[in-house]
Amino acid sequence: MSVLKILKIPDPILKKISSPVGEITPDIQKLASDLVETIRFHKNCVGIAAPQTGKSIRLIVIDVSVYPKPHPNHGLIILINPVITKKEGKRMGREGCLSVPDFTANVTRAEKVAVEGLNEKGKPVKIDASGFESVVLQHEIDHLDGLVFLDRVTSLKTDVFRRKNYVDKNIKKQ
Ligand SMILES: [Zn+2]
């Protein structure tokens, strides 16, 4: 297993619609375990989508159980070709992303989702998630459709926040 490099905006791969996985080959399984190792490597990281590592395919890994603040969750979830089959309610929460290191934002998402897909062994999986885990699933599935959380923000003026640690770096860049 290896920790993969994370692409950052404005990398064009992050804007692409990812392809469905046809056959679950050893390469796909290897990528899934590399994605798991990659989220374990980054502190408080609760999810990743394959395109964030340059692989434009429909594969996500999430694990909300590692988050310091406890939330109801299903532990580690590996999902191939995930599809949201049900959405319910609304909640607003602060989101961040390894691919968008300089900002966080308030994003409105569904409070509950049902997601169907396959696990890394090709077995059908259905997850009923709520709260934070529901948000993480929606965030990662968005990556498969070329969207980052900034694309979901209502107002770039009032809902986007610069991460304090990155302020100096940004000033130099401008
Ligand atoms: Zn992300």
Side-chain angles (χ1 to χ4, degrees), residues 2-21 28 31-69 71 73-84 87 90-113 115 117 120 127 129-156 159-166 169-170:
S2 35
V3 173
L4 303 173
K5 194 176 159 249
I6 308 287
L7 302 181
K8 298 185 176 69
I9 56 164
D11 193 293
I13 291 179
L14 295 169
K15 283 274 182 202
K16 274 179 67 175
I17 295 187
S18 296
S19 314
V21 173
I28 298 284
L31 177 59
S33 52
D34 286 347
L35 292 174
V36 172
E37 187 156 343
T38 305
I39 62 167
R40 300 285 186 241
F41 177 79
H42 294 277
K43 197 173 165 242
N44 297 345
C45 178
V46 290
I48 193 166
Q52 290 181 272
T53 65
K55 304 276 191 292
S56 204
I57 59 170
R58 304 188 82 84
L59 165 60
I60 63 169
V61 169
I62 82 159
D63 188 355
V64 170
S65 72
V66 302
Y67 204 63
K69 200 172 148 203
H71 295 273
N73 68 83
H74 294 83
L76 177 66
I77 303 171
I78 296 172
L79 275 178
I80 292 166
N81 300 337
V83 175
I84 297 174
K87 280 188 177 181
K90 273 200 171 106
R91 84 194 300 270
M92 192 201 249
R94 192 68 78 88
E95 294 187 25
C97 180
L98 292 173
S99 297
V100 188
D102 298 342
F103 299 97
T104 62
N106 288 329
V107 182
T108 303
R109 305 268 189 189
E111 168 67 30
K112 290 182 179 175
V113 290
V115 178
E120 75 283 12
I127 308 281
S130 59
F132 186 53
E133 188 177 52
S134 159
V135 168
V136 175
L137 281 165
Q138 293 168 74
H139 175 121
E140 301 311 336
I141 292 170
D142 263 359
H143 277 299
L144 306 181
D145 293 320
L147 298 172
V148 297
F149 68 86
L150 293 175
D151 299 311
R152 296 285 189 191
V153 162
T154 314
S155 161
L156 288 174
D159 292 335
V160 178
F161 309 91
R162 200 177 279 277
R163 279 194 199 267
K164 285 190 184 71
N165 313 353
Y166 292 95
K169 200 176 92 195
N170 265 288

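Each ligand, and each atom within it, is numbered from 1 in the order the structure gives.
- Applying the side-chain contact (heavy atoms from CB on, under 4.5 Å) test to Ser65 and every residue at least two apart in sequence or in another chain returns Asp63, Asn73.
- With sequence neighbours left out, the salt bridge (charged side-chain N to carboxylate O under 4.0 Å, His left out) criterion links Asp151 to Lys15.
- Applying the side-chain contact (heavy atoms from CB on, under 4.5 Å) criterion to Phe41, with sequence neighbours excluded, gives Val3.
- In this structure, the separation between CZ on Arg162 and CZ on Phe103 is 4.5 Å, given to the nearest 0.5 Å.
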Practice item. Kindly determine whether Asp142 and Arg109 satisfy salt bridge (Lys or Arg N to Asp or Glu O under 4.0 Å), including the steps that lead there. Key: CA-CA 11 Å; Asp142 263 359; Arg109 305 268 189 189; 2.8 Å; yes
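- In this structure, Val66 and Asn44 have side chains that are not in contact, with every pair of non-hydrogen atoms separated by 4.5 Å or more.
- Counting only distances under 2.8 Å, and ignoring water, the protein N, O or S atoms around the Zn ion (ligand 1) are Cys97 SG, His139 NE2, His143 NE2.
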